[in-house]
Amino acid sequence: MIPAVCPGPLAVMIVDDEAPARTRLRDLLADLAPALPNELVAEAENGLRALAAIASRRVDVALIDIQMPRMDGIALACRLSELARPPAVIFVTAFEAYAVQAFELNVVDYLLKPVRAKRLLAALQKVRPHPLPRLPVALASLQQTARSHLSCHERGRLLLIPVAEVIYLKADLKYVIARTRDREYLLDESLTHLEQEFGEQFIRLHRSVLVARETIIGFEKSHSDDAETQWQAMLRDIPERLPISRRQWPLVKSFAHHLIP
């Protein structure tokens, strides 16, 4: 059970991987102080740093972005709920994909960026005297729900890519390339995390490639000298061929045996 919020200013932690987003929330909290006394006690750019920061201080409420590298907001909130004195959690994100589930599961609140002062105030006022009652159950259910869109930051814009339009996902240094019929997008995500979340829609062809199962239309022998990739996958709507590793070939073959020549 989550303890009651301590008297005095509301102790707030901001967790967001984007510095401008943290700055905006910091400024909003300062503007709201006359109406709702608060104190910013910690900031972090990802879930791992947030856990380290909260270990040495009291936090009443955490304003948490969902999409972050290393440890995302939902994983962080689950970890926070295990603490002896867990903070209330308010998600602050650019994505509507989780909103319906969040409200259905009684998360304290769910704010869409750009956050408005009035909306933030209303969310913070929910923290006292009624902290979130069902955080572990709510977050566990939310974590099991796959997103309908992926996000790409590009030249100052936030682009949303429907997962249903993604043909393949390929690891590329610290990014992942999401390929649709029309173009490529760079995602700041882990291929392993994407495989865990979208395992029913995508199948791994190679250590660095996931492909949408329904886009595979056939296979052909590889002309590459790489002994590890004797077969390639043929895909709907694009001319590219994706290599299939020897290790993954039995799995891919069993999935689409009716397509094999």
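D16 and R24 are not joined by a salt bridge, as no carboxylate oxygen comes within less than 4.0 angstrom of a charged side-chain nitrogen. Taking a cutoff of 4.0 Å between a charged side-chain nitrogen and a carboxylate oxygen, R119 and D109 qualify as a salt bridge.
For E184, the CD atom sits in a packed shell: over 12 heavy atoms of surrounding residues, nucleotides or ligands are nearer than 6.0 Å. Shown here is R26, whose CZ atom has more than 12 heavy atoms of other residues, nucleotides or ligands within 6.0 Å.
A heavy-atom distance below 4.5 Å is found between the side chains of L251 and I203. Between L150 and L194, some side-chain heavy-atom pair lies under the 4.5 Å cut-off. With a 4.5 Å cut-off on side-chain heavy atoms, Q67 and E189 count as touching. Using a 4.5 Å heavy-atom cutoff, the side chains of L235 and I217 are not in contact. With a 4.5 Å cut-off on side-chain heavy atoms, S148 and V163 do not count as touching. V92 places none of its side-chain heavy atoms less than 4.5 Å from the side chain of I14.
Looking at every heavy atom in both residues, A212 comes nearest to V166 through CB-O, 3.5 Å. In plain terms, the two heavy atoms of R57 and A42 that are nearest each other are CD-CB, 3.8 Å. Residues K221 and Q232 come closest through the heavy atom pair O-OE1, 4.2 Å.
Under the side-chain contact (heavy atoms from CB on, under 4.5 Å) test applied with V12, the options L29, V59, D60 reduce to a single match, L29. Checked options V61, V127, V108, L80; the residue passing with P87 is L80 (criterion: side-chain contact (heavy atoms from CB on, under 4.5 Å)). Exactly one of F202, Y168, F198 qualifies for a side-chain contact (heavy atoms from CB on, under 4.5 Å) with L210. That residue is F202.
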List the steps and the verdict of salt bridge (Lys or Arg N to Asp or Glu O under 4.0 Å) for K113 and D65.
CA-CA 10 Å; K113 298 176 180 177; D65 187 19; 3.7 Å; yes
Let me see the working for L121 and K118 under side chain to side chain contact (heavy atoms under 4.5 Å, CB included), right down to the final yes or no.
CA-CA 5 Å; L121 176 61; K118 184 177 180 179; 5.7 Å; no
Evaluate the side chain to side chain contact (heavy atoms under 4.5 Å, CB included) criterion for residues L205 and Q248: first the C-alpha distance (whole Å), next the side-chain angles of each, then the deciding distance (0.1 Å), finally the verdict.
CA-CA 6 Å; L205 299 186; Q248 293 299 117; 5.7 Å; no
Criterion side chain to side chain contact (heavy atoms under 4.5 Å, CB included) on V252 and V211, from CA distance to verdict:
CA-CA 10 Å; V252 177; V211 66; over 6 Å; no
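Remark: side-chain polar atoms of D172 are not paired, donor with acceptor, to backbone N or O of Y175 under 3.5 angstrom. Looking only at distances, a side-chain donor or acceptor of R179 sits under 3.5 Å from a matching main-chain atom of R181.
Both L76 and V41 are members of a single hydrophobic cluster when ILVMFWY side chains are connected at heavy-atom separations under 4.5 Å. With hydrophobic clusters built from ILVMFWY side chains whose heavy atoms lie under 4.5 angstrom apart, L191 does not share a cluster with I177. The hydrophobic cluster containing L48 also contains I66, counting ILVMFWY residues as joined when their side-chain heavy atoms lie under 4.5 angstrom apart, directly or transitively. L32 and L111 end up in the same hydrophobic cluster when Ile, Leu, Val, Met, Phe, Trp and Tyr side chains are linked at under 4.5 Å.
Taking the six-membered ring for Trp and thresholds of 30 and 60 degrees, W231 and F219 have ring planes more than 60 degrees apart, a perpendicular arrangement.
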